[in-house]
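In each ligand, atom 1 is the first atom listed, and ligand 1 is the first ligand listed.
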Amino acid sequence: MIAIDAKRLLGRIRELGAVGRNSEGRLIRLAASDTDRQGRDLFVGWLRQAGLDVAIDRVGNIFGIWQSPETMGQAPLLIGSHIDTVIDAGIYDGCYGVLAGLEVIKASGLSPSRPIAVAAFTNEEGVRYTPDMMGSLVHAGGIDAETVLAAVGTDGSVLGRELARIGYAGDLEPGFLTPHAYLELHIEQGPVLEREGLPIGAVENLQGISWQRVTIDGVANHAGTTPMSMRSDAGHAAARAITFLLDRAKASNAPTVATVGTIRFEPNAINVIPSRAVFTIDLRDPDEQRLQAEEAALAAYLEQLAATENVIISVEQLARFEPVIFDLRIVERIEAAAKSRGLGVRRMTSGAGHDAQMMARIAPAAMIFVPSAGGISHNTREHTEDAELVAGANILLDVAAQLAT
Ligand code: HGY
Ligand code: MN
Ligand code: MN
């Protein structure tokens, strides 16, 4: 059986994982930052070393393309993910799938009858600029490049300017490549595979995602002199809203998940009643109707809260993606490939967002998962065993070999 170069894959995951660490050793490669550039430069160097054509589009999506005179002009098989990270990231999220895609292209014994390309999409994480899965969303035609290039980051930067500054504002029109099929290999980032002792997940669907930013405006006042009955306390209103949202998700027997990952007060002083609270909501559910019902319940609560707390509440939608069903034929190929290598496999839902959910809009797409130790991700403790990483990459190779011939 053909196999990927395990040593090179594992070595490069660690080499890329060492890029973009700050003075305390924390891994932070936010989209279009200087550390993202360092990661991009390393990856592009490996693409050139592999003899691939390197293509960069206007929103900084990077493609390494293998083709031959015989395959030229045919729709390529595309294997992709991302190399930007969250804050205090692990070394596998996104990077594993991109580097495994490059190893598939370089695997000896592969004789594709169509081009194969590997992609690292811009700003999959959405931490600095929203929405997440941004580069693949542009590629799939879900948002136009101009809108994305004008996106203002949490640090006040503008994405288009940052891409130009780091040298990744390409001139290719996004969407220049329509894949024959799309594959993505990724760590599960959840507890299922490890709990069931399975090395491979054949991902058949991906849950819906709703990101919102809530701004609550009250009245700054003296913490000591203002009676509780006379306050318009943006901080208390925010606390009540967050408690409502999270208690409701906890009490639900549905798989709905809710997260408030960022919050800030103004003027943010110990003895001043907050005049403003701004926080973000990440709400997800595999069922679109239930997700809409959760959004509606929150909206109704906020309306009632504004009246009782005497504050003004405004909500901005930062991202909204419906659940996605992946291509069953590819899911079945993943299962069959695992079984033919004697690897346990199960179908599963992705709790995390991925570029595959955008590419599924323009091509048959599916994902392969490998276990995450302790189900932990978006955390420096993110870990997957070498043998599991190699097994997943070989399943990617097997399915790619079938789709590319
Ligand atoms: O938010 C997500 O699920 C992905 O990590 N961007
Ligand atoms: Mn990811
Ligand atoms: Mn992630």
Side-chain angles (χ1 to χ4, degrees), residues 13 16-17 20 27-31 36 39 43 61 79-101 118-138 140 142-143 148 151 154 182-190 201 203 205-213 255-262 280-286 291 317-324 348-360 365 367-372 375-384 389 392 396:
I13 290 172
L16 180 55
L27 179 55
I28 311 176
R29 289 204 307 265
L30 300 186
D36 185 26
F43 175 57
N61 292 322
I79 303 171
S81 199
H82 62 96
I83 58 173
D84 65 304
T85 76
V86 294
I87 299 167
D88 285 356
I91 65 170
Y92 306 97
D93 180 355
C95 301
Y96 167 50
V98 170
L99 295 174
V118 58
F121 290 109
T122 293
N123 188 34
E124 188 278 346
E125 292 294 3
V127 170
R128 189 183 185 196
Y129 306 97
T130 57
D132 56 349
M133 287 74 72
M134 188 185 256
S136 49
L137 181 62
V138 174
I143 188 171
V148 149
T154 49
Y182 177 84
L183 284 175
E184 183 164 354
L185 172 64
H186 206 288
I187 52 171
E188 177 200 336
Q189 303 181 288
V203 187
N205 65 325
L206 189 149
Q207 66 178 341
I209 301 174
S210 168
W211 279 7
Q212 300 176 70
R213 179 186 294 123
T256 315
V257 285
T259 309
V260 174
T262 71
T280 54
I281 291 172
D282 178 322
L283 191 56
R284 309 194 194 198
D285 195 300
L291 185 55
Q317 189 84 51
L318 299 175
R320 182 61 169 88
F321 301 124
E322 295 196 4
V324 167
M348 58 197 295
T349 298
S350 175
H354 296 289
D355 294 308
Q357 73 188 89
M358 305 310 177
M359 299 311 287
M367 295 186 74
I368 302 162
F369 275 174
V370 294
S372 289
I376 290 175
S377 183
H378 284 187
N379 180 315
T380 52
R381 288 170 41 217
E382 183 179 277
H383 180 72
T384 299
L389 294 167
L396 179 72

Rounded to the nearest 0.5 Å, what separation is found between the CG atom of N205 and the OG1 atom of T349?
3.5 Å
Which atom, counting only N, O or S, brings D93 closest to the Mn ion (ligand 2)?
OD1
Show the atoms of ligand 1 that are less than 4.0 angstrom away from any heavy atom in G353.
2 (C), 3 (O), 4 (C)
Below a 4.0 angstrom heavy-atom separation, can you tell me which part of M134, side chain or backbone, both or neither, approaches ligand 1?
neither
Taking a cutoff of less than 4.0 Å between a non-hydrogen atom of the residue and any ligand atom, is Q189 in contact with ligand 1?
no
Yes or no on side-chain hydrogen bond (donor to acceptor under 3.5 Å, both in side chains) for D93 and H186, after CA distance, side-chain angles and deciding distance?
CA-CA 7 Å; D93 180 355; H186 206 288; 3.0 Å; yes
Taking both backbone and side chain into account, is any N, O or S atom of H354 nearer than 2.8 Å to the Mn ion (ligand 2)?
no
The answer for which part of E124 has a heavy atom under 4.0 Å from ligand 1 is both
Are any side-chain N or O atoms of Y92 and backbone N or O atoms of E382, one a donor and one an acceptor, separated by less than 3.5 Å?
no
What is the closest protein heavy atom to atom 2 (C) of ligand 1, and at what distance does it sit?
R284 NH2, 3.4 Å
Give a yes or no answer on whether the side chain of N61 reaches the backbone of T122 with a donor-acceptor pair at less than 3.5 Å.
yes
Would you say that L183 contacts M367 through its side chain, given a criterion of any heavy-atom pair below 4.5 Å between the two side chains?
no
Show which atoms of ligand 1 fall inside a sub-4.0 Å distance from at least one heavy-atom site of H378.
5 (O)
Is the Mn ion (ligand 2) under 2.8 Å from any N, O or S atom of E125?
no
Step through it carefully: locate the ring centre of H354, locate the ring centre of F369, and say whether they are under 6.0 Å apart.
yes
For R381, does the CZ atom have more than 12 heavy-atom neighbours from other residues, nucleotides or ligands under 6.0 Å away?
no
Below 4.5 Å, heavy atoms only, C-beta onward: do I91 and Y96 meet side chain to side chain?
no
Here the atoms of ligand 1 under 4.0 Å from any heavy atom belonging to A352 are 3 (O)
Using 2.8 Å as a strict upper limit, say whether an N, O or S atom of H82 approaches the Mn ion (ligand 3) that closely.
no
Using distance alone, decide if ligand 1 has a nitrogen or oxygen within less than 3.5 Å of any nitrogen or oxygen in D132.
yes
Test S377 against S372 for side-chain hydrogen bond (donor to acceptor under 3.5 Å, both in side chains), laying out the working first.
CA-CA 7 Å; S377 183; S372 289; 5.7 Å; no
Can you find an N/O atom of D93 closer than 3.5 Å to an N/O atom of ligand 1?
no
When you measure from atom 5 (O) of ligand 1 to every protein heavy atom, which one gives the shortest distance, and what is it?
E125 OE1, 2.9 Å
